[in-house]
Amino acid sequence: MHDIRLIRENPEGFDAGLARRGLEPLARALIVLDEERRAATTAVQVAQSRRNEASKLIGAAMAKGDRDTAEAVKAEVAALKDSMPALEARADDMAAKLKAALEIIPNLPADDVPHGMGEEENVEVSRWGTAREFDFTPKEHADLAPALGMDFETGARLSGARFTFLRGDMARLHRALGQFMLDVQTREHGYEESNPPVLVGDDAMYGTDKLPKFGNDSFQTNLTYDDERLKAQYFEWAQAGGDVAEPEQIAQAAVEISQLRRRQKDTDRRWLIPTSEVSLTASVMGELLDESALPMRLTALTLCFRSEAGAAGRDTRGFIRQHQFEKCELVSIVRPEDSEAEHQRMVRAAETILERLDLPYRKLLLCTGDMGFGARKTYDLEVWLPGQGAYREISSCSNTGEFQARRMNTRYRVAGEQKKTEFVHTLNGSGLAVGRTLVAVIENYQNADGTVTVPDALLPYMGGVTRLEPAK
RNA sequence: GGAGAGGUGGCAGAGUGGUCGAAUGCGCCGCACUCGAAAUGCGGUUUACCGGCAACGGUAACGUGGGUUCGAAUCCCACCCUCUCCGCCA
């Protein structure tokens, strides 16, 4: 969320930032909205001020027993009050309009983010590792892994496309990766291990800029309904005995059930987190923190859920793009002056995992046109997949500045300064996406005979298993 | 799910229709005392928004949303959350 005061002070700078994102200028329109909003607010406050003044007069008159004066002033206030609802409605309306306009505008890019329109213009910052020389043609994981326990067919049968059933040592290797990541991030990089809810309310999603714009990208629960009514309904059907199968009756029942569903309360609705960035970051939602609590570093290994609404047809084969996947997430809550250094530190924490697993990767600084909605600067890590002969994203680390903190209202009290509060900066990054790391291990550690060697770093987690082998 | 209690400032905790934005304690900031520290004393200390260069003035907020009233932290209604007990249950 942007600060309207900054836009007011520097409209050209704001529009220039939008232009770098490829967006039309908006400052002028926002400022007009804001002026109307402020005028409406002032009108309300003037009326309230008069009302309060008069009410005090009444109180004083009553105390003195001067009923005549009290009644006279009461009449005056009554007239004033008639005009107030309209003023208040106008002020509320203008505030809501400004908020609605602001909340769908993405964060502005940091100055050092390269200009560009799409992913082709991202800047490669560095490469690590050497791609292994194969004396056979390396396979893609989607071809190699089914024999080793990555069961796409069963996943699809249970849940549809983009769901996978992992079996045996493949499932164990997946678990080993998650444990390994969590252990490195907690023990070596100072992140506090967390186990947060993966179902969250609207506020947490809004605060981490997933709402209102990206509701379609996430799954939501919405099927709680009135149990008693349903039970009664079923009881009725049972009583009806053989007549239950009457088409009209069934249709009627179906209509009633769908009505019950629609009447659910808003509070019954939860979102399945698309990333535990949501849970971890929103854990400080609405708080006024002590400066001494910063930096706050949190990590969690959780399931993540994405509808992939905009990705129809992309990566449908294999384990790269799933509706449900695990990720070891890193979140930092820091002072503004520390956020750039923290960003670098976070990327290093993610890189460490790839290096320990000896997986070649490259680091990209995303250009303005490829950054996510809330980010002001983002690094992506892309891992080498020899089967595909391509680098694929495996981590994304973003500094959102105070963008999310404003939405969440998360501030801290500046030490030594009596009155000062400031918004924190929030950062999030994957350290790493477990499913994609599993893909990378399979493709990089595959052997000519169709087996996969377990990387050394994971051996402590594998209970003696040193390679994945096809079932006999 | 049932019964009861409760949600107030950074924290704890008073306040049940009118100078209550809110006592008190803790914490924090400043000053005094001290060589220094502790202890003590004095003063200050909620947040957001609107107006103003500023000093300052105004408005709002006592879980959330409605309502009653000239006036609501205080009364009424709904909802959310927490705690205790009971029931059910992975």
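A note on names: the letters A, B, ... follow the listed sequences, proteins ahead of strands, and every chain is numbered from 1. Hydrogens, waters and symmetry mates play no part in the numbers below; they use all other heavy atoms, side chains included.
A/F319 and A/H141 have their aromatic ring centers separated by at least 6.0 angstrom. No close placement of the A/F163 and A/F152 rings is indicated, their centers lying 6.0 Å or farther apart. Residues A/H425 and A/F403 keep their aromatic ring centres 6.0 Å or farther apart.
Nucleotide B/G36 has no partner under the Watson-Crick or G-U criteria, as no pair reaches both atom distances under 3.5 Å. Under the Watson-Crick or G-U wobble criterion, with both distances below 3.5 Å, B/U74 has no partner in any strand shown. Of the nucleotides present, none pairs with B/U69 by Watson-Crick or G-U wobble criteria with both distances under 3.5 Å. Across all strands shown, nothing is found opposite B/C20 as a Watson-Crick or G-U wobble partner with both distances under 3.5 Å. Pair assignment for B/G41 gives B/C31, based on Watson-Crick or G-U wobble hydrogen-bonding distances that are each under 3.5 Å. Base pairing annotation: B/G25 forms a Watson-Crick or G-U wobble pair with B/C11, both donor-acceptor distances under 3.5 Å. Base pairing annotation: B/G57 forms a Watson-Crick or G-U wobble pair with B/C50, both donor-acceptor distances under 3.5 Å. Base pairing analysis places B/C85 opposite B/G2; the two distances defining the Watson-Crick or G-U wobble pair are each below 3.5 Å.
Within the 4.5 Å cutoff, no side-chain heavy atoms of A/Y412 are placed close to those of A/L288. Within the 4.5 Å cutoff, no side-chain heavy atoms of A/R21 are placed close to those of A/L108. Within the 4.5 Å cutoff, side-chain heavy atoms of A/L357 are placed close to those of A/L177.
The residue A/R37 sits close only to the backbone: its heavy atoms come under 4.0 Å of sugar-phosphate atoms, none of a base. A/R406 comes within 4.0 angstrom of nothing in the nucleic acid, heavy atoms only.
Along RNA chain B, the nucleotide nearest A/T42 and the nucleotide nearest A/S49 are compared for position; the residue whose nucleotide lies closer to the 5' end is A/T42.
Nucleotides B/G27 and B/A12, compared at atom C1', are 10 Å apart to the nearest Å. Rounded to whole Å, the C1' atom of B/C28 lies 11 Å from the corresponding atom of B/C11. Look at the P atom in both B/G13 and B/A90: the space between them is 37 Å, to the nearest Å. If you take atom C1' in B/C75 and the same atom in B/G51, they sit 35 Å apart, rounded to whole Å. Going from the C1' atom of B/A72 to that of B/G15 covers 14 Å, rounded to whole Å. Distance check on atom P: B/C80 versus B/A38 gives 50 Å, rounded to whole Å. With P as the reference atom, B/G7 and B/G57 are 33 Å apart, rounded to whole Å. Across B/U24 and B/C79, the matching C1' atoms stand 33 Å from one another, rounded to whole Å.
For the pair A/R413 CZ and B/U46 P, the computed distance is 9 Å after rounding to whole Å. The interatomic distance linking A/N409 (CG) with B/U47 (P) rounds to 12 Å, in whole Å. The interatomic distance linking A/L289 (CG) with B/U47 (P) rounds to 14 Å, in whole Å. Between the CZ atom of A/R51 and the C1' atom of B/A72 there is a distance of 11 Å, given to the nearest Å. At whole-Å resolution of the value, CZ in A/F423 and P in B/U47 are 13 Å apart. For A/M84 and B/U69, the CE to P distance is 15 Å, given to the nearest whole Å. Going from atom CZ of A/R270 over to atom P of B/C80 covers 10 Å, rounded to whole Å. In this entry the distance linking CG of A/D203 with P of B/C81 reads 13 Å, nearest Å.
An OP1 or OP2 oxygen of B/A48 is reached within less than 4.0 angstrom by a side-chain nitrogen or oxygen of A/R411. Between A/R8 and B/C50, a side-chain N or O to OP1/OP2 separation shorter than 4.0 Å is present. Note on A/R38: every side-chain N or O is 4.0 Å or more away from OP1 and OP2 of B/C49. An OP1 or OP2 oxygen of B/C49 is reached within less than 4.0 angstrom by a side-chain nitrogen or oxygen of A/R5. Proximity of A/T41 to the phosphate of B/C49: no side-chain N or O atom is located under 4.0 Å from OP1 or OP2. An OP1 or OP2 oxygen of B/U59 is reached within less than 4.0 angstrom by a side-chain nitrogen or oxygen of A/N52.
The side chain of A/T421 approaches B/A48 more closely than any other nucleotide in the set B/G18, B/A48, B/G10. Comparing atom distances between the A/Q45 side chain and each of B/G71, B/A48, B/C49 picks out B/C49 as nearest.
Looking only at atom types and distance, the side chain of A/S332 has a donor-acceptor partner in the side chain of A/E342 under 3.5 Å away. Between the side chains of A/E192 and A/Q185, no donor-acceptor pair of N or O atoms lies under 3.5 Å. Defined by atom type and a distance below 3.5 Å, a donor-acceptor pair is present between the side-chain atoms of A/T400 and A/T426.
More than 12 heavy atoms of other residues, nucleotides or ligands shown are found within 6.0 angstrom of CD on A/E337.
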Detail all sub-3.5 Å separations between protein N/O atoms and N/O atoms belonging to nucleotides 61-68 of chain B.
none

